[in-house]
Amino acid sequence: LTKVSALDLAPSSVRVNSVSPAYIGPEDSFMWKRQVELQAKANPTGAREVYFSDNPEKVAQQMLDSVPMRRLGTVEEVAQTVMFLLSEESSYITGVDINVSGGNVLGGTRG
């Protein structure tokens, strides 16, 4: 959607970009706790742990371990990315999705 919109709107000098935050904290926030809880429920008890555990505490650690920077991102880091895209400093950027993920999208192993 970002790329198609960017192609359609670029001739009108409209830039279209997106921001994809990954695991954003703090760890005691509602959103982080909810994300961990839902991920644990996605793997019912007794199922083989292919991706994440069914134990929320273990899931939280597995999720953090999947981030190469080994920490949660902050709301401020996401906001700074958006502010950059709104600034003149990004005037020649269109059609991109910026992952604010601490390297999570790079792949690799957990832990």
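Keep in mind that this is a model prediction, so the values were computed, not measured. Positions are given from 1, in the same order as the sequence printed here.
You'll find the side chain of Trp32 stays beyond 4.5 Å of the side chain of Ile24, heavy atoms only. Taking the side chain as every heavy atom from C-beta outward, Ser90 and Arg15 approach each other to under 4.5 Å.
We find the OG1-CG distance between Thr2 and Asn17 to be 7.5 Å, quoted to the nearest 0.5 Å. Rounded to the nearest 0.5 angstrom, Ile93 CD1 and Phe84 CZ are separated by 4.0 Å. Taking CG of Leu72 as the start and CD of Gln35 as the end, the distance is 9.0 Å to the nearest 0.5 Å. Atoms CG and NZ, from Asp8 and Lys3 in turn, are 14.0 Å apart once rounded to the nearest 0.5 Å. One finds the CG atom of Asn55 at 8.5 Å from the CD atom of Gln62 (value rounded to the nearest 0.5 Å).
Val16 is not connected to Leu86 by any chain of hydrophobic side-chain contacts under 4.5 Å among Ile, Leu, Val, Met, Phe, Trp and Tyr, and they are in different clusters. Linking ILVMFWY side-chain heavy atoms closer than 4.5 Å, directly or via other members, places Val75 and Val19 in a single hydrophobic cluster. In the hydrophobic cluster analysis, where Ile, Leu, Val, Met, Phe, Trp and Tyr join through side-chain heavy atoms closer than 4.5 angstrom, Met31 is grouped apart from Val100. If you chain together hydrophobic residues whose side chains sit under 4.5 Å apart, Val96 and Met83 fall into the same group.
When all heavy atoms are compared, the tightest approach of Val14 to Thr94 is O-OG1, 4.3 Å. The minimum heavy-atom distance linking Ser53 with Val59 is given by the pair O-CG2, 3.0 Å. Of all non-hydrogen atoms in Pro56 and Val36, the two that sit nearest each other are O-CG1, 3.1 Å. Closest approach of Gly102 and Pro68 over heavy atoms only: O-CD, 3.3 Å.
For Val67, the side chain to side chain contact (heavy atoms under 4.5 Å, CB included) partners two or more places apart in sequence, or in a different chain, are Tyr23, Met69, Asn104. Residues meeting the side chain to side chain donor-acceptor pair (under 3.5 Å) test with Asp97, sequence neighbours left out: Ser18, Ser20.
A salt bridge does not link Glu27 with Arg71: none of the charged nitrogens is closer than 4.0 Å to a carboxylate oxygen. Using a 4.0 Å cut-off between charged side-chain N and carboxylate O, Lys33 and Glu37 make no salt bridge.
No donor-acceptor distance shorter than 3.5 angstrom exists from the side chain of Ser91 to the backbone of Ser87, with no hydrogens or angles considered.
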